[in-house]
Amino acid sequence: MIDTPGLRISRIRGEMTGIRREDMLQQSMENACLVASVCEGLRGKDTVVLDVTSATPLFDFFVITTGNSRRQLRSIAEAADDALAARHSDRLGREGDDAPWICHDYGDIVLHVFAPDARGLYDLENLWGDAVRVDWQAAVAAKSPAVMENAAE
């Protein structure tokens with residue numbers, strides 16, 4: 001990854017894969033951290049945010065969490081939709097509404113809500129092992145609580 005003032009140029013195996021403005025990446029990270037916070041608020045377990053900008057030009061962040069029931073999986077996914085819609089980042093696609101893995105695509109962020117067995121089976125954290133883990137709790141704590149609350153409403 002090469003940084004230039006205001007732009008980030010992604011390279012994979014030496015080839016340029018994309019150019020993103022830093023403010024867009026910052027907004028994507030804030031949205032990913034917001035989604036992670038929503039997951040935790042609905043008792044999602046082992047929630048992680050992965051920065052995949054250096055691994056793929058298709059999206060910026062994965063948010064991965066685990067729920068204990070299909071109802072909880074759906075609730076988490078729907079609450080993430082609501083939180084991001086309030087920030088004008090609508091869902092572009094979805095898969096697995098009644099399955100052990102719900103995947104919502106927001107363009108720059110992909111939310112994966114797993115049942116425990118499915119999370120272990122697909123092991124996305126290992127599959128995307130080159131991705132950088134984001135300390136989303138610190139990022140949320142650094143933002144004003146009122147800002148994050150208003151964004152989630």
Exercise for the section: Take the angle between the ring planes of His112 and Trp101 and call it parallel below 30°, perpendicular above 60°, tilted in between. Expected result: tilted
Handout entry: Gap between atom NZ of Lys45 and atom SG of Cys39 - 0.5 Å precision
Key = 13.0 Å
Handout entry: Check: Asp108 and Phe59 side chains under 4.5 Å, non-hydrogen atoms
Key = no
Handout entry: Greater than 12 external heavy atoms within 6.0 Å of Asp123's CG
Key = yes
Exercise for the section: Mind checking the CG-NE2 spacing from Leu84 to His104? Nearest 0.5 Å is all I need. Expected result: 11.0 Å
Handout entry: Approximate separation, where rounding is to 0.5 Å, of Glu40 CD and Asp46 CG
Key = 8.0 Å
Practice task
Search all heavy atoms of Phe61 against all heavy atoms of Val52 and return the closest pair with its distance.
Solution key: N-CG2, 4.0 Å
Problem - Straight-line distance of Leu73 CG to Glu78 CD, nearest 0.5 Å - result: 11.0 Å
Handout entry: Heavy-atom side-chain contact between Asp130 and Ser54 under 4.5 Å
Key = no
Problem - From Asp97 atom CG to Ile102 atom CD1, the distance as rounded to the nearest 0.5 Å - result: 6.0 Å
Fill in the blank from the handout: Only residue of Leu34, Val49, Val48 satisfying side-chain contact (heavy atoms from CB on, under 4.5 Å) with Trp136 is Val49
Practice task
Please indicate whether Asp117 has more than 12 foreign heavy atoms, meaning atoms of other residues, nucleotides or ligands, lying under 6.0 Å from its CG.
Solution key: no
Exercise for the section: Rounded to the nearest 0.5 Å, what's the gap from OG1 on Thr66 to CZ on Arg43? Could you check? Expected result: 15.5 Å
Fill in the blank from the handout: For Ala32 and Val63, the nearest pair of non-hydrogen atoms, with its separation, is O-CG2, 3.6 Å
Completion exercise
In short, Ile76 meets Gly44 closest at the heavy-atom pair CD1-CA, 4.0 Å
Fill in the blank from the handout: When every non-hydrogen atom of Pro100 is compared with those of Arg70, the smallest separation belongs to CD-NH2, 4.3 Å
Exercise for the section: Spell out, as yes or no, whether a donor-acceptor pair under 3.5 Å connects the side chain of Glu125 to the backbone of Arg133. Expected result: no
Exercise for the section: Inspect the surroundings of CD in Glu95 and state if more than 12 heavy atoms from other residues, nucleotides or ligands are less than 6.0 Å away. Expected result: no
Completion exercise
Smallest heavy-atom separation, Ala80 atom then Leu111 atom, equals CB-CD2, 3.6 Å
Exercise for the section: For Ser37 and Val140, work out which heavy atoms get closest and say how close. Expected result: CB-CG2, 4.3 Å
Problem - Beyond-backbone contact of Met29 with Gln26, side-chain heavy atoms, under 4.5 angstrom - result: yes
